[in-house]
Amino acid sequence: MTTTDGVLKVALLGCGVVGSEVVRLLAEQADELAQRVGARLELAGVAVRRPARHPEVPAELLTTDAEALVRRDDVDVVVEVVGGIEPVRSLLLAALESGKSVVSANKALLADDGATLHDAATRNGVDLYYEAAVAGAIPLLRPLRESLAGDRITRVMGIVNGTTNFILSRMDATGAGFDEALAEATSLGYAEADPTADVDGYDAAAKAAILAGLAFHTRVTMSDVHREGIGEVTAADVASAQAMDCTVKLLAICERTTVADGTESVSVRAHPAMIPRRHPLAGVGDAFNAVFVEAEAAGSLMFYGRGAGGAPTASAVLGDLVAVARNRVSGSRGAGESAYAALPIRSMGEVTTRYHVALDVADQPGVLAGVANAFAEEGVSIQTVRQEGRGDAATLVLVTHAATDAALGRTVEKLAAMSLVGRAASVMRVEGMTGE
Ligand SMILES: NC(=O)c1ccc[n+]([C@@H]2O[C@H](COP(=O)([O-])OP(=O)(O)OC[C@H]3O[C@@H](n4cnc5c(N)ncnc54)[C@H](O)[C@@H]3O)[C@@H](O)[C@H]2O)c1
Ligand SMILES: N[C@@H](CCO)C(=O)O
Ligand code: NA
């Protein structure tokens with residue numbers, strides 16, 4: 001559909017932190033946006049739960065009937081900044097099925113059932129864009145989908161959750177425990193009232209699923225992602241990381257692996273890990289996000305900026321809105337889903353990782369040999385070992401070479417069962433170290 005009267009009508013679903021900024025920017029930049037698009041972008045309506053709470057929106061635009069709004073014939077584009085799976089999934093499907101393009105910031109929905117939405121967009125010849133869903137303002141999905149479409153991406157690794165990055169940065173800077181750092185994040189407005197999605201890694205896992213799908217031209221859903229949160233990260237883990245000149249980050253890691261017979265698979269995970277301080281991701285502090293992309297021809301690329309917040313996220317939403325609006329003006333559509341590779345998902349046990357293991361041990365002859373033997377039995381090679389303290393307070397700190405995650409997990413279980421080994425003071429994966 002092309003605009004006939006020089007106006008494109010936009011239905012906005014949700015007017016919270018992000019939606020209210022979309023309304024503000026649309027109004028403030030109306031003339032410039034019209035120049036860039038070739039048509040004026042006008043709000044057809046704004047669906048909210050409680051209209052009385054939105055004095056910033058002209059009253060005649062407010063509605064509580066989102067379903068009627070997305071079905072209106074005069075609406076060209078639906079912008080969704082509500083969040084969650086239902087009723088949003090049904091609303092967006094209805095929009096796509098009735099020929100509207102959709103812009104969404106909703107990583108939970110895209111990671112849960114992006115395929116259904118993409119299919120509907122393709123069937124109806126319309127656009128489905130969601131740059132704001134991953135790493136907020138940072139242009140990342142469009143570079144993966146368009147700029148790098150001629151290359152072969154092998155790895156995407158990044159910090160994609162601002163709340164947890166703030167917490168881990170505070171723990172690193174002040175030595176605070178997790179609870180104390182979370183309380184500070186909450187009081188400063190970084191953490192939401194219910195921080196579960198962030199702290200338990202669901203938010204980062206959803207973003208990892210979206211990134212892997214785009215990077216490797218395959219379908220990845222939330223259930224394919226190995227997820228661990230940061231709730232178990234202790235001040236001792238952070239101190240252990242510091243002792244090896246590392247810091248702890250919650251990382252989203254998407255990898256393409258090719259085995260000897262040429263078969264390819266992808267692994268997708270989100271978990272805390274130690275990374276060397278000299279690694280570019282280690283310097284990403286506060287609530288910032290950064291994503292490292294490795295591609296065969298391009299080499300390494302890094303994307304850095306604000307992954308959350310009303311205005312930064314609205315910037316990405318408006319960028320998508322301009323893109324889909326331009327497509328409607330020219331009667332075209334952007335690149336749709338590219339999932340031709342249909343790659344199998346590699347289980348976490350098969351993924352190759354490295355571990356840092358700090359063990360409280362009795363400082364006695366034979367302890368080190370017993371510990372080394374537990375690693376050897378599982379075929380795990382040790383890169384470095386050092387002892388801290390003496391007598392009852394001795395701690396052995398080992399860093400392994402790469403091994404399967406399953407073998408490393410079994411090794412840690414074996415160690416825990418040994419009589420001369422006390423508790424494991426810290427067990428954490430290590431990423432971004434050079435060498436095998
Ligand atoms: N806040 C951020 O920094 C950020 C960053 C990136 C992506 N996002 C994503 O953007 C989306 C919105 O986030 P937010 O922070 O603005 O959330 P928010 O809670 O501030 O706003 C959501 C709004 O939607 C309204 N709403 C709920 N159900 C509705 C319905 N059925 N019909 C109409 N309105 C309804 C709520 O009343 C609320 O005002 C989410 O998908 C979120 O994951 C947010
Ligand atoms: N809660 C998310 C918002 C952006 O998706 C974060 O902390 O990064
Ligand atoms: Na983004």
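For the single chain, residues carry numbers from 1 onward in sequence order. Whatever order the structure lists them in is the order used to number ligands and atoms, beginning at 1. Remember, it's a predicted structure, so these values are computed and weren't measured experimentally.
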Ligand 2 atoms nearer than 4.0 angstrom to some heavy atom of Ala308 are 3 (C), 4 (C)
Do the numbers put Arg145 on top of the ring of Tyr129, so that NZ or CZ is under 6.0 Å from the six-membered ring centre and no more than 45° off the axis? yes
- Got a sec: is Leu140 within less than 3.0 Å of the Na ion (ligand 3) via an N/O/S atom? no
To the nearest 0.5 Å, atom CZ of Arg256 lies from atom NE2 of His217 at 7.0 Å
#### Entry: Any donor-acceptor N or O pair under 3.5 Å, side chains Thr122, Asp119
no
Under 4.0 Å from one or more heavy atoms of Lys107, ligand 2 contributes atoms 4 (C), 5 (O)
Has Gly136 got an N, O or S atom lying less than 3.0 Å from the Na ion (ligand 3)?
-> yes
Here the gap from Leu13 atom CG to Glu67 atom CD, rounded to the nearest 0.5 Å, amounts to 11.0 Å
Short version for Asp198: what comes under 4.0 Å of ligand 2, heavy atoms counted, is side chain
To the nearest 0.5 Å, atom CG of Asp360 lies from atom CD of Glu388 at 10.0 Å
Test salt bridge (charged side-chain N to carboxylate O under 4.0 Å, His left out), reference Lys107, set Asp112, Asp203, Asp113, output is Asp203
Hey, are Glu184 and Ser187 close enough side-chain-wise for a donor-acceptor pair under 3.5 Å?
no
Atoms of ligand 2 under 4.0 Å from any heavy atom of Gly162, numbered from 1 in the order shown, are 6 (C), 7 (O), 8 (O)
- For the Na ion (ligand 3), does an N/O/S atom of Ile138 lie at less than 3.0 Å? yes
Arg142/Asp320 salt bridge by N-O under 4.0 Å criterion: yes
### Message
Using a 6.0 Å distance limit plus a 45 degree cone around the ring axis, check whether Arg155 lies over the aromatic ring of Phe292.
### Response
no
Logged contact type for Thr313 with ligand 2, heavy-atom cut-off 4.0 Å, is neither
Hey, does Gly307 sit under 4.0 Å from ligand 2 if you only count heavy atoms?
-> yes
OE2 (Glu131) to the Na ion (ligand 3) to O (Val134), nearest 10°, is 120°
Lining ligand 1 at under 4.0 Å, by non-hydrogen atom distance, are residues Gly14, Cys15, Gly16, Val17, Val18, Ala47, Val48, Arg49, Val81, Val82, Gly83, Pro87, Ala105, Asn106, Lys107, Ala132, Ala308, Gly309, Thr313
| said: Using 30° and 60° as the class boundaries, would you call the ring planes of His118 and Tyr130 parallel, tilted or perpendicular? | reply: perpendicular
among protein heavy atoms, the one nearest atom 7 (O) of ligand 2 is Thr163 OG1, 2.6 Å
*asked:* Tell me whether the rings of His271 and His226 are parallel (<30°), tilted (30 to 60°) or perpendicular (>60°).
replied: perpendicular
